[in-house]
Every structure is written in structure tokens, then in C-alpha cells.
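Below is one structure, written out as C-alpha cells; comments come after it.
What's counted below: heavy atoms across the whole structure, side chains too, no hydrogens, waters or symmetry copies. Positions are given from 1 along the sequence.
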Amino acid sequence: MNVRYRVELSQAERDELTAMLGGGKHAARKLKRAQILLAADRGGRDEEIARTVRVSLSTVGRTKRRFVEGNLERALSEEPRPGAERKLTGKEEALLVATACAKPPAGHKRWTLTLLADTMVKLTDHDSLSGETVRRRLAENDLKPWRRDMWCIPHVDGEYVARMEDVLDLYAETPDPARPLVCFDETPVQLIGEVRQPVPAQPGQRERYDYEYRRNGTVNLFVTFDPRRGWRNVKVTDRRAAVDYAHCMRELVDVHYPDAACIRVVQDNLSIHKPGALYEAFAPAEARRILRRLEFHFTPKHASWLNMVECEISVLQRQCLGRRIDDPKRLRNEIAAWQRRRNKTRASIKWMFTTDKARAKLGRAYPATAKEPKSL
């Protein structure tokens, strides 16, 4: 043991290092230094620590020295390293960022490192510039101009806000068995079959399946989710039509909630999600009877993420449907098994987004409040 650099951590320092190793995002070198300090605090020998943490003896000694001569922060941080001066000045880096955020030249779909380097050579006095230099400066600004994310950019107006807060207030209400809240949506599923049988997994070898597949059509899933009860129901249909939607609403009223005075249904703005769908499927008296028990609440356009059932559909995709299933009967059996297990455990969603948080986070997007006229 290196007696000169004896590591003795306080309880607070031990807790901090243990928490660092327990989770969070930290550099690998920083985690290794934390392991070194904890092992040294327990009395481990330098050779043993180096072997366990898989570092050199000099790294162990240097980490202990920086702790003894400095503090915990110094022992965990990087020492300044000598190197060449930055090739780009501050103004040139700003020019690089502005260029990367602008449209690429004509004939180019996107910026590349080589294209940015060549452009910077033309715009500055540099004779040459490497793509790696460009990449590092862009990384410091969290920029990757060769990548794009597809995103739905909604128009937030008064109608958007009104629908959003209506749905969020519903989620925040105290549960009332006489007025249950259900979230409703649908999703298509492709029936995919194997052309060649997959090779099962074996020790040392993953399961393998052929890239070629057989498409056997599609089916539709109507998904109903009650976040208060932790209950869901998935109905598989051959199509997604207004008549099928109407039958789901009748089942909701007569089968799933026969004793409820009013069922509040949260859904998106799909064309079949309308009261008229029930008149297309049933006689007027029957349609009116069902609608008297339903109360529709619509999410804003381009904001289906406000519907909790979207989270449940995502779980269904990850846990059950993320594989090749070619037969409708097998699909129904697999979904039924998944549904029974989820309902048995009463799995639900911890919804954290509230009206107050929406006003705090999206306040700038809210419509400007009209000025009140001055009183005479």
C-alpha cells in the first residue's frame, strides 16, 4: 500500500461516490477514479486495485495523490492536457455553427463534415481544415447537421389550449365510479409471416431469422384503457370503419360499464370518432340511448400524446406485437394473454403532466391574452 497517499473518505464522500456508481451518466474515466478511491478507502493494495479496476498502477497512484493533495473534485476531474492551440478562433467557431444551421449549398441534401470543412476554408484564411476539427467544434455545440428529426409542429391557438386543459383536468379529477374515465384509440397491425423458419437460439448464438417475410394483410386494434382501474381491452377487427367504432362504444356502455351514469371518453380527432357513427350503425333510438351515456373529450389536433392510451399501445407494441405474427387467430390469442396479465396486475400510468405544468412550460406558446379595455 502507498503509505504516503493514504485515502480516508468521509461518509458524505463515500455516499457521493456510491451514488455516482449506482446510476446517472458519467464519463468512464470518472467512474474508474471513483472505484479507485472507494477501494483505497477500504484498504486495498495498489496492485489489487489496478487489477480489479483494470487500470495501470500509475493511474491508481495519481488518483490517490490528487485526492490527498487536493480534494474529491480534483481527484475525479481531468487534469489539463497540453496540446496544440485550437485551430478555429471564437469568431470562426460561431461562423461554423451558423453555417451548419443554414441550408446546404444547391445540389446537396445536407451538410457533411467534408462539405463544412471545405466551406470554412473558403470563408476563412485557413488553407485546410479537417473533418475531425469540424466534428469536435460541432459536438461542443450539440450539433449534427447531417441528422434530422421528424416532428409534428402543432399550431397552438385557443382551441388547442382549451382541449389540452380539458383533458388534463379530467386526469386530475378524483375517480368517480359513476362517471368513469376511459381513453380510446386504434392502431393498425400488419400480419407478417416467415418465408423460412427461424433458427432457435443456442448457447453462444442468438436466434436468427430470415430477412425475407410474407405479408398477410392487416388488421385493426381498438384499444380502450381505464387509467383509474388499471384496466384495458383490445378488440381486433378486420377494418377501422365508423360501424366498428360504433360497436365499440355500445360495448363500452352495455358490457364494460353497464352501471355507469356517464362514461367520459378521451379520443383524438379521427373522422370516425363522431356521434354520427352510431347513427350509421344503429337505429336512431338505439344510437340516442348509447350517446346519452357517453361524453366525448377530444385531444387537440396533432397532440395525441395527451391521450394516455397511446402509452398503453406503446407497451403493447414492445411487449407483445414486436415480432412476426401471420395469423389473426394467433394474434388474438397473444393479445388476450397480454391483456389478462396486464389487467391482473392492474398496471397503470403515472401521469405527471398537469394544467399548471402546461401553463408553466408552454406559457409562451399560449395565445396572447387580449387587453382589457380601459374603464371610462
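- Closest of all the heavy-atom pairs between D268 and L270 is OD1-N, 3.2 Å.
- Between H126 and K87, the shortest heavy-atom distance links the atoms CE1-O, 3.0 Å.
- Under the 3.5 Å distance criterion, the side-chain polar atoms of N141 are left unmatched by any main-chain donor or acceptor of L143.
- With hydrogens and angles ignored, the 3.5 Å screen pairs a side-chain donor or acceptor of R232 with a backbone N or O of A347.
- Panel note: side chain R66, backbone S77; a donor-acceptor pair is recorded below 3.5 Å.
- Checking side-chain atoms of W111 against main-chain N and O of T99 turns up a donor-acceptor pair under 3.5 Å.
- Not one N or O on the side chain of Y5 forms a donor-acceptor pair closer than 3.5 Å with the backbone of T63.
- Distance alone, capped at 3.5 Å, is enough to place a donor-acceptor pair between the N269 side chain and the T299 backbone.
- Open room surrounds OH on Y209; 12 or fewer heavy atoms of other groups in view lie less than 6.0 Å from it.
- F184 and F222 have their aromatic ring centers within a separation under 6.0 angstrom.
- When atom types are taken as modelled, the side chain of E92 and the backbone of T89 share a donor-acceptor pair closer than 3.5 angstrom.
- Looking at every heavy atom in both residues, S304 comes nearest to E310 through O-CG, 3.1 Å.
- Side-chain atoms of Q11 and R14 include a donor-acceptor pair closer than 3.5 Å.
- Surrounding NZ of K301 are at most 12 heavy atoms belonging to other residues, nucleotides or ligands under 6.0 Å away.
- Panel note: side chain R179, backbone C262; no donor-acceptor pair is recorded below 3.5 Å.
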